[in-house]
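Worksheet: the structure to be examined is printed underneath.
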Amino acid sequence: MERRDFMKLTGAAGAGAALAGNAGCLPGLMPRRVSQAEIDKILSKMDAGVERASRYDMIDDFAKRTGRPTDVSSDDRALARLSLRALYTSQMFRTLPEEAQLHPAMQERMFGYLPEMDEAVFGMVERMTSSTKEERTFVR
């Protein structure tokens, strides 16, 4: 496309946008609003899932399923639970429609979870980098 053609095209698009702006936003282009009742239901479901993740001991469950005994510290168990909560929270948020993600109550909730998510990520990085070669081989 030649520069002159590009300028004509963008000029026409700009003029069209200015005219459309005077007419107001088109309702079809605006995202659907999520009611407070809908967002309360979503937040309640999220809270229940986070609570379940807080009680779930995936290390013991893994040991039962594999038949391997575990010798894991309480700090590592707490980190595993924290990581599971962070994974659940981020996935729950990710699967929501954009309108629900943008709702102020959901934004507030997610900002509240950020320190916990940071602790889970950085804690897991610290744990993995401080592992011995034998421990990393065992994990593989």
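When a residue number appears, it is its place in the shown sequence, counting from 1. Only this structure's heavy atoms are used, side chains among them; waters, hydrogens and symmetry mates stay out.
- No chain of hydrophobic side-chain contacts below 4.5 Å, direct or via other Ile, Leu, Val, Met, Phe, Trp or Tyr residues, connects Leu114 to Phe122.
- For Gln91, the CD atom sits in a packed shell: over 12 heavy atoms of surrounding residues, nucleotides or ligands are nearer than 6.0 Å.
- Between Leu79 and Ala120 the shortest heavy-atom distance is CD1-O, 3.9 Å.
- A chain of hydrophobic side-chain contacts below 4.5 Å, direct or via other Ile, Leu, Val, Met, Phe, Trp or Tyr residues, connects Tyr113 to Met106.
- Cluster membership for Phe111 and Tyr88, using ILVMFWY side-chain heavy atoms within less than 4.5 angstrom, is shared.
- With Ser54 contributing its side chain and Val50 its backbone, the two residues share a donor-acceptor pair below 3.5 Å.
- The OG atom of Ser131 sits 9.5 Å away from the CD atom of Glu126 when rounded to the nearest 0.5 Å.
- Linking Ile, Leu, Val, Met, Phe, Trp and Tyr whenever their side-chain heavy atoms come within less than 4.5 Å puts Met46 and Met117 in one cluster.
- The pair Asp61-Arg65 meets the salt-bridge criterion, with a side-chain N (NZ, NE, NH1 or NH2) lying under 4.0 Å from an Asp/Glu carboxylate O.
- The two residues Arg77 and Asp57 come nearest to each other via the heavy atoms NH1-OD2, 2.8 Å.
- One distance of note links CG of Leu43 with NE2 of His103; it measures 8.5 Å at 0.5 Å rounding.
- Nearest heavy-atom pair, Gln107 versus Leu102, reported as atom, atom and distance to 0.1 Å: CG-O, 3.9 Å.
- With Asp76 as the partner, the side-chain contact (heavy atoms from CB on, under 4.5 Å) test is satisfied by one option alone out of Met124, Arg81, Arg127: Arg127.
- Minimum interatomic distance between Met92 and Ile42 (heavy atoms only, all atoms of both residues): CE-O, 4.0 Å.
- With values rounded to the nearest 0.5 angstrom, Glu38 atom CD is found 10.0 Å from Asp40 atom CG.
- Side chain of Glu116 to main chain of Ala86: no donor-acceptor pair is present (N/O by atom type, distance under 3.5 Å, no hydrogens or angles).
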Would you please test Asp47 and Glu51 for side chain to side chain contact (heavy atoms under 4.5 Å, CB included) and show each step? CA-CA 6 Å; Asp47 290 343; Glu51 179 59 32; over 6 Å; no
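- When all heavy atoms of Val34 and Ala100 are compared, the closest pair comes out as CG2-N, 3.5 Å.
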